[in-house]
Protein chains: 2
Amino acid sequence: MNYSRQRELILKIVQSDMSHPTVDAVYQALRKEIPNVSLATVYRNLNLLAENGDIRKIESLDGTAHFDFNTGNHYHFICINCNKVYDIPCDVAPDVVKKAEELSGSHIISHDLTFQGICHECLKLKKN
Amino acid sequence: MNYSRQRELILKIVQSDMSHPTVDAVYQALRKEIPNVSLATVYRNLNLLAENGDIRKIESLDGTAHFDFNTGNHYHFICINCNKVYDIPCDVAPDVVKKAEELSGSHIISHDLTFQGICHECLKLKKN
DNA sequence: ACCAAAATCAATAATGATTACTATTATTGT
DNA sequence: ACAATAATAGTAATCATTATTGATTTTGGT
């Protein structure tokens with residue numbers, strides 16, 4: 001992995017962006033370095049990097065994918081007002097996989113916990 | 001709400017289907033009663049019924065929406081082998097909203113917890 | 001019962017995100 | 001350096017969903 005200039009840059013862009021960027025945000029950032037890069041390249045490499053475990057893919061409710069350099073176990077909060085994505089630590093739901101496996105009899109490979117609501121920034125603005 | 005034949009049938013179809021049907025599955029079922037029904041009608045009414053709280057919309061990872069007649073608080077497990085959707089009771093993650101609100105300072109309106117893995121049916125088949 | 005206003009419909013076009021395809025270019029092992 | 005392999009740019013195609021439009025149905029008031 002990671003032997004093309006495009007792929008290396010895409011990984012670096014995601015890893016230096018705390019804002020859980022969308023495909024298009026990565027594309028716009030990459031175009032500053034490689035102006036004629038193809039959008040298909042961005043899609044292909046983001047998905048490859050996610051499959052490879054270098055980054056994580058987040059599916060949000062509006063039907064667009066976001067990408068997260070933090071591959072550790074944690075959850076997300078998406079503000080329905082400003083669309084920003086925040087991290088939520090995994091200890092809000094301790095032992096959730098073990099409990100779900102016991103109840104369902106299944107083998108759980110992954111899970112996603114996503115909250116929607118109004119973030120504290122937007123709450124402040126609404127009070128004014 | 002619910003004064004058109006189409007809308008009533010759509011609600012009935014979802015309410016009598018335990019399998020968390022997709023838009024297309026509802027469309028196919030509805031066509032048996034109203035052969036010339038429009039797909040747009042199914043989309044519009046499923047979304048209206050979900051907004052109204054009569055049914056619940058589930059966004060799955062493959063980019064298609066599923067609909068659930070059970071509007072009570074519960075979670076979902078999706079088998080990556082057979083794509084079936086199973087229910088998981090909400091007590092796998094007690095107080096998760098309260099904890100997440102405290103940690104994030106936000107106002108949480110909704111949350112989704114979805115597990116992916118191999119269901120117990122497919123596990124049985126693989127052992128043979 | 002009648003009629004105007006509002007809601008809903010069918011049919012289809014448009015949209016937006018994503019994936020597939022193809023010919024070309026870059027990278028790798030020998 | 002050279003052949004084999006992989007990745008790319010550019011573009012077309014796909015798929016789920018939403019918007020549009022003009023016709024039809026339902027509703028609420030008289």
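Chain A is the first sequence line, chain B the second, and so forth, proteins listed ahead of strands; every chain is numbered from 1.
Between B/H111 and B/Y75, the angle of the ring planes goes over 60°, which puts this pair in the perpendicular group of the 30/60° scheme.
Taking every heavy atom of both residues into account, A/R56 and A/T71 meet most closely at NH2-O, 3.8 Å.
Comparing D/dA9, C/dA20, C/dA11 against the side chain of A/A40 picks out C/dA20 as the nearest. Among the nucleotides C/dA17, C/dT8, D/dA9, the one closest to the side chain of A/Y43 is C/dA17.
Regarding B/L30, its CG atom lies at a distance of 16 Å from the P atom of C/dT8, rounded to whole Å. At whole-Å resolution of the value, CZ in A/R5 and P in C/dT28 are 15 Å apart. For the pair A/N36 CG and D/dA7 P, the interatomic distance rounds to 18 Å; values are reported in whole Å. Rounded to whole angstrom, the span from the NZ atom of B/K57 across to the C1' atom of D/dT18 amounts to 10 Å. Rounded to a whole Å, the CZ atom of A/R7 is 11 Å from the C1' atom of C/dT27. Following rounding to the nearest Å, A/L48 (CG) and C/dA20 (P) show an atom-to-atom distance of 12 Å. Distance, A/L39 CG to D/dT8 P: 13 Å, rounded to whole Å. Taking atom OH on A/Y3 and atom P on C/dT25, their separation rounds to 19 Å, with Å as the unit.
Residues A/R7 and A/Y3 bring no donor and acceptor atom of their side chains to less than 3.5 Å of each other. A donor and an acceptor atom, one from each side chain of B/D112 and B/H76, are nowhere located under 3.5 Å apart.
Phosphate contact (OP1/OP2 of D/dT17, side-chain N/O of B/N47, threshold under 4.0 Å): absent. Between C/dA10 and B/Q6, a contact under 4.0 Å exists linking OP1 or OP2 to a side-chain N or O. Not one side-chain nitrogen or oxygen of B/T41 sits closer than 4.0 Å to the OP1 or OP2 atom of C/dC9. Note on A/N45: a side-chain N or O is less than 4.0 Å away from OP1 or OP2 of D/dT8. Considering only side-chain N and O atoms, B/S4 lies under 4.0 angstrom from the phosphate OP1 or OP2 of C/dC9.
Contact of B/S38 with C/dA11 (side chain to base): a donor-acceptor pair of N or O atoms is detected under 3.5 Å.
For A/Y86, there are no side-chain hydrogen bond (donor to acceptor under 3.5 Å, both in side chains) partners two or more places apart in sequence or in a different chain.
Nearer to the 5' terminus of DNA chain C, by closest-nucleotide assignment, is the contact made by B/R44 (compared with the other of A/T64 and B/R44).
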